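See structure below.
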Amino acid sequence: MSSDEKQVAPRSLAEALRAKDDGSLAALLRARPDLITPVPTDLTQLATRAGTRASVIRALERLDRFTLQTAEALAVAPEPADRGTLLALLAGDENDPAVVGAFPHALAALREQALVWGPDDRLRLVRTARELLAPSPQHPSPTGLGPTVAEATSGMSPGRIQEILTAAGLPTTHDAVSAVASLTGLFTDRARMADLLAAAPPDSLDVLSRLVWGPPYGQVTADPASRLRWLLDRGLLLPTAPGTVVLPREVALHLRAGRAHRDTQPLPPAVEPAATHRPQVVDMTAAGQAYTSLATIEELLKDWDEGGPTVLRAGGLSVRDLKRTAVALDVPEPVAAFWVELAYAAGLLASDGEADERYAATPAYDEWLELPAAARWTRLATAWLSATRTAGVIGGRDAKERTLSALGPGLDRSAAPEVRHRVLTLLAALPEGASASPDSLVARLHWERALRGAASSDDLRARLARWTLSEAESLGITGRGALSAHGRALIGAQPSAAAPETETETDSGAELASGPGDKLPVHHHRHHPAPPPQPRSPAELASAAARAGKLLAPLLPEPLDHVLLQADLTAVAPGPLQRPLADTLDVLADVESKGGATVYRFTPGSVRRALDAGRSASDLHAFLSEHSRTPVPQPLTYLIDDVARRHGHLRIGSASAYVRCDDDAVLNEIIADKRSQGLRLRRLAPTVLAAQADPATLLEGLRAMGFAPAAESAEGDVLITRAHAHRTPPRTAPEPVPDGPPSPDTTLLGAAIRAIRAGDLASTTPHKPTASATPGRGGTLPRTTSAETLATMQAAVLTGDTLWIGYVNAEGSASQRVIAPIKVEGGFVTAYDHTADEVRTYPLHRVTGVAELADEQA
């Protein structure tokens, strides 16, 4: 190709893509992964797919505000537009230096995503994008501009156009086209327009000022007022329909000093620090929350250990069960919903799939319990980061006005992982120990994805950002609103420029400056945001989680092997307890209060619960002596001995049920008690009472009366009742719902680009015409007879020529290929396939036709 040919401007997006190198194509496919699913056959198909409405809308939604404003300005510029015209629409007459500095990056981003193509002097917006962004009565432009003079006068009579020229002080012309061009020239000439408007009545200028920033349409009566008539006569307002007028685009741009937007935003809004704390305080606070998160998940699943709430018919947890769970965890319902969803996302909780379907812990929960505390936390944190299920929407309604329930369907929000990661990344960019203002975070996110919703608190991305801040704090990724060191490692962020040691601490309104001149580092915001992070491989994710766990582990409290017994029948655990000790105490005592220190209370019922689980009085005394740092109080010893002495004195079996006791005085006492009437007891023998109730009801009834009965088997042995841990069958964690096709990795990109290039070579390579070949270009297969195909193949084997063929595979899919035949025999041709870049064998009956390449390409 000659140097002159290289300078020819591309005539289509396909030609523009053809001129790109492999690196630019890879950047396009990485930015718009929907274009590679499936891999296009050639660059023409890639360009066609890049121009489809769905793909263009998806690309526009991922633009930051200024890049989107650049595209909107190009949509209202003449087509094609030069670089200077486009920059003028953004920077205005003042030539805003911030806009000038940001403009090259914005234009490059539009080129990279194939939304803009052509050289700098002939910039074109992809047709679909122009249709979406250009002004029309049905779809006003975000710029607030109306149609051009040429568009607004397209249906106007030639005589009326000449009248407007005369009123505007322009000479008449011989045709409407030149008249429109003359009026357009007036409106785009700043000096002449200034003279024209200087002669306008003040009321007329007031009308223009109300329309200048949009919407550009207004209503008029059949007999307009004089201030409107002056504007209509000179074409400063043009009629578009009966009773409707519009401000022409050229006039509005003059009044706007050349700006396409009222508020051009070339720079991202700064994320403002809300408070600053010492990094050590942040890390310790976050570590405390991290340990609390582990304890909360354990408490939740322990509460559901024998089978949790039933599954609703439509799926999910009922409102009543969610309230009960919130009470058990001592948290508000939205927080309880978050913990339930987190356990589900981590694969620790699922439905058991039984006929009476219930929620329960999975076998993975038991494995999770055996991990070190830091590893358990990273399992929860990584599950939260990648989960698309969003607890914040629970209690809202779906598109069919059905209430969204915890663990139910409809909770996936595909944007959630991206927003979570972006919020934490923005926190990581602040000085260590600094928390961010939620409003400034939301403003920044909206600038980075301007089309994803309105800049309001009701925007999904805004709500996701606020939920992220709250959930990250509960999970211990942040502390006091600032990103912790282990949280920074979890997202793969590098340590930010640390604040000086004499940094100002603002805890509880107190300033604890350790030296004069303390100040926060100044952040210089770049013209453009960092590109979205590329998806990390499983190995990278595991490495980041391991680094986070390594940083967190030293900050977590060591489990204790002792408690402090007190004379008021309580035990104080001054910190987290080792698992065997905690499990035994949960059976032997009731939790009275939680916090930094957990208080357990011993009661007759709790001691009886331990005896029912198979413990003897001597076992309990030995256990308390071993694990108490204080002497075992005498009241507690008496309590255990007293309950143990009465435990099993009464025996309950099944008749329906019976009560057996060697002491008939005790049975007389039971029959005489009015509270036993509901049990419908009657004496069968001096030491036996029969009941109409079942054994479980009889046990509970007598315990409520203050007795300590024990259940017995048919052989008369005492039944030991231990808690039965109900588990679901093995379950996998729910898969996140992706926000579109995943970003391709380097290997897939390389293979896809090679395939697209090869397919493009096959579809665009010139070839020699043959007597019966149908010309094939841009997707049309060559057609030749079987005899001609065979003869051409055999000749190419002898001469070493390269051929262009059409081929239909076994599935009926047609393609074009460029091959160099090696041998032809047995109805097959073996050839080097330039399209696939390998040697392949093809059945001749599947070759639709063949043509020799042109001499310069052969």
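On a predicted model such as this, the values are computed, not experimentally measured, just so you know.
Proximity of a side-chain donor or acceptor of Arg256 to a complementary backbone N or O of Ala260 within less than 3.5 Å is detected. Although no hydrogens or angles enter the test, the distance criterion places a donor-acceptor pair under 3.5 Å between the side chain of Asp283 and the main chain of Ala485. No donor-acceptor pair closer than 3.5 Å links the side chain of Thr128 to the backbone N or O of Arg53. In this structure, the side chain of Ser386 engages the main chain of Thr382 through a donor-acceptor pair within 3.5 Å. Remark: the backbone N or O of Gln265 is paired with a side-chain donor or acceptor of Trp447 at under 3.5 angstrom. Judged by distance alone, the side chain of Ser141 and the main-chain N or O of Thr143 form a donor-acceptor pair under 3.5 Å. Arg32 contributes a side-chain N or O that, together with a main-chain N or O of Ala50, makes up a donor-acceptor pair within less than 3.5 Å. Although no hydrogens or angles enter the test, the distance criterion places no donor-acceptor pair under 3.5 Å between the side chain of His261 and the main chain of Phe66. For Thr70 (side chain) and Leu107 (main-chain N/O), no donor-acceptor pair under 3.5 Å exists by modelled atom type. Of the possible polar contacts, one joining the Thr285 side chain to the Val281 backbone as a donor-acceptor pair under 3.5 Å is found.
For the pair Thr148/Glu250, a side-chain contact is recorded, criterion being any heavy-atom separation below 4.5 Å from C-beta on. Using a 4.5 Å cut-off on side-chain heavy atoms (C-beta onward), Asp96 and Arg259 make contact. Under the 4.5 Å side-chain criterion, counting only non-hydrogen atoms from C-beta, Leu424 is not in contact with Leu490. Contact of the Asp203 side chain with the Trp230 side chain is not registered, since no non-hydrogen atoms from C-beta on lie closer than 4.5 Å. Side chains of Leu86 and Phe103 form a contact here, defined as non-hydrogen atoms less than 4.5 Å apart. Using a 4.5 Å heavy-atom threshold, the side chains of Leu63 and Leu110 count as touching. In this structure, the side chains of Leu445 and Asp459 stay at 4.5 Å or more apart for every pair of heavy atoms. Side-chain contact between Pro741 and Ile36 is absent, with no heavy atoms from C-beta onward closer than 4.5 Å.
Nearest heavy atom pair, residue Ser440 against residue Ser437, reads OG-O, 2.8 Å. Considering all non-hydrogen atoms of both residues, Ala252 and Val212 come closest at O-CG2, 3.9 Å. Looking at every heavy atom in both residues, Ala381 comes nearest to Leu475 through CA-CD2, 3.9 Å. Heavy atoms only, all atoms of each residue included: Leu205 and Ala200 are closest at CD2-CB, 3.8 Å. In terms of heavy atoms, Ala482 sits closest to Ala434 at CB-O, 3.4 Å. Across every non-hydrogen atom of Pro33 and Ser743, the tightest pair is CB-CA, 4.1 Å.
Remark: His254 pairs with no residue by the ring-ring contact (aromatic ring centres under 6.0 Å, His included) rule, at least two apart or across chains. The salt bridge (Lys or Arg N to Asp or Glu O under 4.0 Å) search around Glu72 returns none, not counting sequence neighbours. The salt bridge (Lys or Arg N to Asp or Glu O under 4.0 Å) test applied to Arg389 returns Glu341, not counting sequence neighbours. Contacts of Pro147 classified as side chain to side chain contact (heavy atoms under 4.5 Å, CB included), with partners at least two apart in sequence or in another chain: Glu151, Ala152, Tyr217, Val246. Judged as a salt bridge (Lys or Arg N to Asp or Glu O under 4.0 Å), and not counting sequence neighbours, the contacts of Asp189 are Arg192.
To the nearest 0.5 angstrom, Leu236 atom CG is 8.0 Å from Leu186 atom CG. A distance of 13.0 Å separates OG1 of Thr388 from CD of Glu418, quoted to the nearest 0.5 Å. Atom CG in Leu28 sits 8.0 Å away from atom CD in Gln113 (nearest 0.5 Å). For the atom pair CG of Leu255 and CG of Leu197, the computed distance is 6.0 Å after rounding to the nearest 0.5 Å. Between the CD atom in Glu473 and the OG atom in Ser470 there is a gap of 8.0 Å [rounded to 0.5 Å]. Distance check: Leu430 CG to Thr425 OG1 gives 11.5 Å after rounding to the nearest 0.5 Å.
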Open item on the list: Run Met193 and Leu196 through side chain to side chain contact (heavy atoms under 4.5 Å, CB included) and show every step you take.
Closed with: CA-CA 5 Å; Met193 269 295 284; Leu196 178 62; 4.2 Å; yes
Task: Leu25 and Leu749: CA distance, side-chain angles, deciding distance, side chain to side chain contact (heavy atoms under 4.5 Å, CB included) verdict - done: CA-CA 9 Å; Leu25 282 181; Leu749 277 177; over 6 Å; no
Task: Verdict with supporting geometry, Ser24 and Asp21, side chain to side chain contact (heavy atoms under 4.5 Å, CB included) - done: CA-CA 5 Å; Ser24 298; Asp21 57 25; 2.9 Å; yes
- [ ] Determine, stepwise, if the pair Asp34 / Thr37 fulfils side chain to side chain donor-acceptor pair (under 3.5 Å).
- [x] CA-CA 5 Å; Asp34 57 298; Thr37 310; over 6 Å; no
TODO: Apply salt bridge (Lys or Arg N to Asp or Glu O under 4.0 Å) to the pair Asp206 and Arg227, showing each step before the final yes or no.
DONE: CA-CA 9 Å; Asp206 184 58; Arg227 66 180 185 277; over 6 Å; no
- [ ] Could you check Leu247 against Leu237 for side chain to side chain contact (heavy atoms under 4.5 Å, CB included), going step by step and ending with a plain yes or no?
- [x] CA-CA 5 Å; Leu247 180 68; Leu237 290 180; 4.2 Å; yes
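The only option from Ile477, Leu469, Val271, Ile491 that meets the side-chain contact (heavy atoms from CB on, under 4.5 Å) definition with Leu427 turns out to be Leu469.
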Using distance only, find each side-chain donor-acceptor pair of residues 114-127 under 3.5 Å and give its atom names and separation, not counting sequence neighbours.
from   : atom 1 : to     : atom 2 : distance (Å)
Asp120 : OD1    : Arg111 : NH2    : 2.7

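Arg210 CZ: more than 12 foreign heavy atoms inside a 6.0 Å radius.
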